[in-house]
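Structure, as C-alpha coordinates:
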Amino acid sequence: MNTANIHTWVMEPIQAIDLQRRLRKRLVFEDYAGQPELIAGVDVSFPSRDIALAVVVIMEFRSLRVIDYFHSVEKIDTPYIPGLLSFREGPPIVKALSKSPEVDLIFFDGHGIAHPRGIGIASHIGLFVEKPTIGIAKSLLYGELKGHPEEKGEKAPIHDPDGRLLGYAVCTRKGVKPVFVSPGNRITPESAVDLVLKTTGKYRIPEPTRQAHILTQELKDQLIL
DNA sequence: GCGACAG
DNA sequence: ATCTTGTCGC
(Lines give C-alpha, C1' and ligand atoms only; values in the text may rest on other atoms or scores of the structure.)
Protein backbone atom coordinates (compact mmCIF):
# COMPACT_ATOMS: atom_id res chain seq x y z
CA MET A 1 0.00 0.00 0.00
CA ASN A 2 1.31 3.40 -0.95
CA THR A 3 0.65 5.95 1.75
CA ALA A 4 2.20 8.83 -0.16
CA ASN A 5 0.11 11.98 0.03
CA ILE A 6 0.51 15.55 -1.13
CA HIS A 7 2.80 16.29 1.80
CA THR A 8 5.40 13.86 0.60
CA TRP A 9 8.24 15.42 -1.38
CA VAL A 10 11.29 13.19 -1.18
CA MET A 11 11.13 10.14 -3.45
CA GLU A 12 12.55 8.66 -6.61
CA PRO A 13 11.43 10.06 -9.99
CA ILE A 14 9.33 6.97 -10.71
CA GLN A 15 7.43 7.42 -7.45
CA ALA A 16 7.05 11.16 -8.04
CA ILE A 17 5.53 10.53 -11.47
CA ASP A 18 3.16 7.97 -9.99
CA LEU A 19 2.13 10.47 -7.31
CA GLN A 20 1.48 13.13 -9.95
CA ARG A 21 -0.84 10.77 -11.84
CA ARG A 22 -2.89 10.27 -8.69
CA LEU A 23 -2.82 13.89 -7.55
CA ARG A 24 -3.96 15.33 -10.85
CA LYS A 25 -7.32 13.67 -10.32
CA ARG A 26 -7.86 15.98 -7.36
CA LEU A 27 -7.59 19.13 -9.47
CA VAL A 28 -10.81 21.12 -9.67
CA PHE A 29 -11.79 22.59 -13.00
CA GLU A 30 -14.28 25.17 -11.87
CA ASP A 31 -14.01 28.82 -12.82
CA TYR A 32 -12.93 31.82 -10.86
CA ALA A 33 -14.14 35.00 -12.51
CA GLY A 34 -14.39 37.22 -9.45
CA GLN A 35 -12.37 40.34 -8.77
CA PRO A 36 -9.71 39.38 -6.19
CA GLU A 37 -8.64 41.84 -3.52
CA LEU A 38 -5.48 40.24 -2.28
CA ILE A 39 -3.23 38.20 -4.55
CA ALA A 40 0.18 36.56 -4.13
CA GLY A 41 3.18 35.90 -6.31
CA VAL A 42 5.61 33.06 -5.60
CA ASP A 43 9.18 32.46 -6.74
CA VAL A 44 12.27 30.56 -5.66
CA SER A 45 15.99 31.30 -5.94
CA PHE A 46 18.99 29.16 -5.04
CA PRO A 47 21.69 30.94 -3.00
CA SER A 48 23.73 27.77 -3.40
CA ARG A 49 23.39 24.37 -5.02
CA ASP A 50 21.20 22.82 -2.33
CA ILE A 51 19.68 25.81 -0.57
CA ALA A 52 16.33 27.14 -1.76
CA LEU A 53 14.89 30.54 -0.84
CA ALA A 54 11.16 30.87 -1.49
CA VAL A 55 9.34 34.18 -1.42
CA VAL A 56 5.60 34.89 -1.30
CA VAL A 57 4.69 38.47 -2.17
CA ILE A 58 1.34 39.79 -1.03
CA MET A 59 -0.15 42.51 -3.18
CA GLU A 60 -3.35 44.45 -3.63
CA PHE A 61 -5.00 43.52 -6.93
CA ARG A 62 -6.43 46.95 -7.72
CA SER A 63 -3.23 48.95 -7.22
CA LEU A 64 -0.71 46.16 -7.81
CA ARG A 65 1.15 47.48 -4.79
CA VAL A 66 3.27 45.15 -2.68
CA ILE A 67 1.76 45.00 0.79
CA ASP A 68 4.05 42.47 2.42
CA TYR A 69 6.14 39.38 1.80
CA PHE A 70 7.21 36.19 3.54
CA HIS A 71 10.02 33.78 2.88
CA SER A 72 11.61 30.49 3.87
CA VAL A 73 15.03 28.95 3.42
CA GLU A 74 15.33 25.18 3.06
CA LYS A 75 18.05 22.67 2.25
CA ILE A 76 17.07 20.76 -0.88
CA ASP A 77 18.62 17.56 -2.19
CA THR A 78 16.08 16.82 -4.89
CA PRO A 79 17.56 17.66 -8.31
CA TYR A 80 15.74 19.56 -10.99
CA ILE A 81 14.14 17.24 -13.52
CA PRO A 82 11.86 18.62 -16.25
CA GLY A 83 8.32 17.68 -15.26
CA LEU A 84 9.19 17.28 -11.57
CA LEU A 85 9.93 20.89 -10.65
CA SER A 86 7.39 20.94 -7.81
CA PHE A 87 9.26 18.23 -5.94
CA ARG A 88 12.32 20.49 -5.80
CA GLU A 89 10.69 23.85 -5.14
CA GLY A 90 7.56 22.68 -3.36
CA PRO A 91 8.95 22.34 0.19
CA PRO A 92 10.19 25.92 0.58
CA ILE A 93 7.12 27.29 -1.19
CA VAL A 94 4.64 25.52 1.06
CA LYS A 95 6.59 26.64 4.12
CA ALA A 96 6.57 30.27 3.00
CA LEU A 97 2.87 30.06 2.15
CA SER A 98 2.16 28.72 5.65
CA LYS A 99 3.57 31.97 7.04
CA SER A 100 1.50 34.10 4.68
CA PRO A 101 -1.99 35.48 5.16
CA GLU A 102 -4.93 34.21 3.11
CA VAL A 103 -5.18 35.66 -0.40
CA ASP A 104 -7.75 35.22 -3.17
CA LEU A 105 -5.41 34.08 -5.92
CA ILE A 106 -1.81 32.88 -6.28
CA PHE A 107 0.56 33.21 -9.25
CA PHE A 108 3.42 30.77 -9.77
CA ASP A 109 6.61 30.78 -11.81
CA GLY A 110 6.11 27.63 -13.91
CA HIS A 111 3.24 25.73 -15.52
CA GLY A 112 -0.14 24.66 -14.25
CA ILE A 113 -1.90 21.95 -16.27
CA ALA A 114 0.24 22.58 -19.36
CA HIS A 115 2.37 19.69 -18.17
CA PRO A 116 3.12 16.11 -19.37
CA ARG A 117 0.86 14.70 -16.67
CA GLY A 118 -1.36 17.72 -16.23
CA ILE A 119 0.04 18.79 -12.90
CA GLY A 120 2.78 21.38 -13.01
CA ILE A 121 3.95 23.29 -9.94
CA ALA A 122 1.01 25.73 -9.94
CA SER A 123 -1.41 22.80 -9.89
CA HIS A 124 0.53 20.72 -7.37
CA ILE A 125 0.87 23.58 -4.89
CA GLY A 126 -2.70 24.52 -5.69
CA LEU A 127 -3.74 21.35 -3.90
CA PHE A 128 -2.30 22.74 -0.67
CA VAL A 129 -4.31 25.91 -0.70
CA GLU A 130 -8.03 26.48 -0.99
CA LYS A 131 -7.60 29.19 -3.55
CA PRO A 132 -7.29 29.44 -7.34
CA THR A 133 -3.71 29.21 -8.67
CA ILE A 134 -2.24 30.22 -12.03
CA GLY A 135 0.92 29.00 -13.73
CA ILE A 136 3.01 31.50 -15.69
CA ALA A 137 6.04 30.04 -17.44
CA LYS A 138 8.69 31.72 -19.54
CA SER A 139 9.02 28.76 -21.92
CA LEU A 140 6.88 25.86 -23.10
CA LEU A 141 7.27 22.44 -21.51
CA TYR A 142 4.40 20.49 -23.00
CA GLY A 143 1.73 20.96 -25.63
CA GLU A 144 1.51 22.45 -29.08
CA LEU A 145 1.14 26.07 -29.90
CA LYS A 146 -1.23 27.19 -32.64
CA GLY A 147 -0.11 30.64 -33.61
CA HIS A 148 2.14 33.40 -32.35
CA PRO A 149 0.67 36.35 -30.46
CA GLU A 150 2.41 39.56 -31.47
CA GLU A 151 0.42 42.39 -29.94
CA LYS A 152 -0.07 42.93 -26.21
CA GLY A 153 -3.24 41.19 -25.12
CA GLU A 154 -3.23 38.62 -27.93
CA LYS A 155 -3.05 34.92 -27.17
CA ALA A 156 -2.48 31.61 -28.94
CA PRO A 157 -3.91 28.33 -27.56
CA ILE A 158 -1.76 25.52 -26.20
CA HIS A 159 -3.26 22.10 -26.96
CA ASP A 160 -2.30 18.59 -25.87
CA PRO A 161 -1.91 15.77 -28.45
CA ASP A 162 -5.64 15.05 -28.22
CA GLY A 163 -6.57 18.63 -28.99
CA ARG A 164 -7.64 19.58 -25.48
CA LEU A 165 -6.99 23.18 -24.42
CA LEU A 166 -4.28 23.45 -21.75
CA GLY A 167 -3.66 27.17 -21.66
CA TYR A 168 -2.45 30.08 -23.77
CA ALA A 169 0.75 31.71 -24.93
CA VAL A 170 0.04 35.34 -24.04
CA CYS A 171 1.73 38.42 -25.44
CA THR A 172 2.19 40.74 -22.48
CA ARG A 173 4.37 43.22 -24.34
CA LYS A 174 4.71 43.96 -28.05
CA GLY A 175 7.61 42.35 -29.79
CA VAL A 176 8.70 40.01 -27.01
CA LYS A 177 8.38 36.29 -26.40
CA PRO A 178 5.00 35.44 -24.88
CA VAL A 179 4.48 33.98 -21.40
CA PHE A 180 2.78 30.61 -21.15
CA VAL A 181 -0.32 30.74 -18.97
CA SER A 182 -2.23 27.70 -17.74
CA PRO A 183 -4.64 27.00 -14.86
CA GLY A 184 -3.13 25.68 -11.70
CA ASN A 185 -6.32 24.73 -9.90
CA ARG A 186 -9.85 26.09 -9.56
CA ILE A 187 -9.74 28.40 -12.56
CA THR A 188 -10.23 28.22 -16.34
CA PRO A 189 -7.66 29.03 -19.04
CA GLU A 190 -9.66 32.11 -20.06
CA SER A 191 -9.91 33.56 -16.56
CA ALA A 192 -6.24 32.80 -15.95
CA VAL A 193 -5.29 34.83 -19.02
CA ASP A 194 -7.64 37.63 -18.03
CA LEU A 195 -6.09 37.89 -14.57
CA VAL A 196 -2.57 37.70 -15.95
CA LEU A 197 -3.24 40.61 -18.29
CA LYS A 198 -4.87 42.62 -15.51
CA THR A 199 -1.77 42.23 -13.36
CA THR A 200 0.69 43.00 -16.13
CA GLY A 201 2.32 46.41 -16.28
CA LYS A 202 5.15 47.54 -18.54
CA TYR A 203 7.08 44.30 -18.28
CA ARG A 204 6.75 40.87 -19.88
CA ILE A 205 6.31 39.14 -16.53
CA PRO A 206 3.11 39.91 -14.57
CA GLU A 207 3.70 41.92 -11.38
CA PRO A 208 3.00 39.17 -8.80
CA THR A 209 5.66 36.83 -10.15
CA ARG A 210 7.96 39.67 -11.18
CA GLN A 211 7.98 41.22 -7.72
CA ALA A 212 8.49 37.82 -6.12
CA HIS A 213 11.46 37.19 -8.40
CA ILE A 214 13.02 40.54 -7.54
CA LEU A 215 12.67 39.90 -3.81
CA THR A 216 14.02 36.40 -4.16
CA GLN A 217 17.19 37.83 -5.69
CA GLU A 218 17.55 40.67 -3.19
CA LEU A 219 17.08 38.43 -0.18
CA LYS A 220 19.58 35.98 -1.59
CA ASP A 221 22.32 38.61 -1.46
CA GLN A 222 21.45 39.38 2.15
CA LEU A 223 21.90 35.81 3.30
CA ILE A 224 24.99 34.92 5.28
CA LEU A 225 26.29 31.63 3.96
C1' DG B 1 17.35 5.06 -30.77
C1' DC B 2 16.45 10.41 -31.18
C1' DG B 3 14.83 14.75 -29.72
C1' DA B 4 12.58 17.65 -26.03
C1' DC B 5 13.06 19.16 -21.66
C1' DA B 6 9.15 24.70 -16.52
C1' DG B 7 13.05 26.54 -12.88
C1' DA C 1 18.03 28.08 -11.56
C1' DT C 2 23.13 29.76 -11.87
C1' DC C 3 27.64 31.25 -14.02
C1' DT C 4 28.72 36.30 -16.56
C1' DT C 5 29.97 41.67 -20.29
C1' DG C 6 28.83 43.93 -23.40
C1' DT C 7 25.56 45.32 -26.62
C1' DC C 8 21.47 46.06 -29.89
C1' DG C 9 17.07 48.46 -29.99
C1' DC C 10 12.78 50.93 -28.55
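Letters A, B, ... are given to chains in the order of the sequence lines, protein chains preceding strands, and every chain is numbered from 1.
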Legend entry - salt_bridge(A/K138, A/D109) N-O dist < 4.0 Å: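 Yes, charged N to carboxylate O under 4.0 Å.
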Inset, instruction - In plain terms, say whether A/E151 and A/K174 are close enough for a salt bridge, that is, a side-chain N and a carboxylate O under 4.0 Å apart. - result: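 Result for this pair is yes, salt bridge flagged.
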Inset, instruction - Please examine the side chains of A/I113 and A/F29, heavy atoms only from C-beta on, and report whether any two atoms are closer than 4.5 Å. - result: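 The answer is yes, as the side chains (C-beta and beyond) meet within the 4.5 Å cut-off.
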Inset, instruction - Report yes if the side chains of A/T199 and A/I39 come closer than 4.5 Å at any heavy-atom pair, otherwise no. - result: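 A side-chain contact exists here, since the closest heavy-atom pair is under 4.5 Å.
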Inset, instruction - Could you tell me whether the phosphate oxygens of C/dA1, OP1 or OP2, come under 4.0 Å of any side-chain nitrogen or oxygen in A/K220? - result: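 For C/dA1, OP1/OP2 do not have a side-chain N/O of A/K220 under 4.0 Å.
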Inset, instruction - Can you tell me the distance, in whole Å, between the CD atom of A/Q217 and the P atom of C/dA1? - result: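 Atom-to-atom, A/Q217 to C/dA1, this comes out as 7 Å.
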Legend entry - Separation of atom CG in A/L215 from atom P in C/dA1, rounded to whole Å: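 So the two atoms are 15 Å apart, to the nearest Å.
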Inset, instruction - Please work out if A/H213 contacts a base, only the sugar-phosphate, or nothing of the nucleic acid, heavy-atom cut-off 4.0 Å. - result: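 Sugar-phosphate contact only - A/H213 comes under 4.0 Å of backbone atoms but never of a base.
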Legend entry - Nucleic acid footprint by protein, nucleotides 2-7 of chain B - heavy-atom cut-off 4.0 Å, B for base, S for sugar-phosphate alone: ---BBB
Inset, instruction - Runs of at least three consecutive Watson-Crick or G-U pairs, both distances under 3.5 Å, are what I'm after; which ones involve DNA chain C? - result: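 The stems that DNA chain C takes part in number none, since no run reaches 3 pairs.
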Inset, instruction - Measure up the A/F128 and A/W9 rings against each other and bin them: parallel (under 30°), tilted (30 to 60°), perpendicular (over 60°). - result: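 Correct class here is parallel.
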Legend entry - Base-pair map of DNA chain B as dot-bracket, where | denotes pairing with a different strand and pairs are Watson-Crick or G-U under 3.5 Å: .......
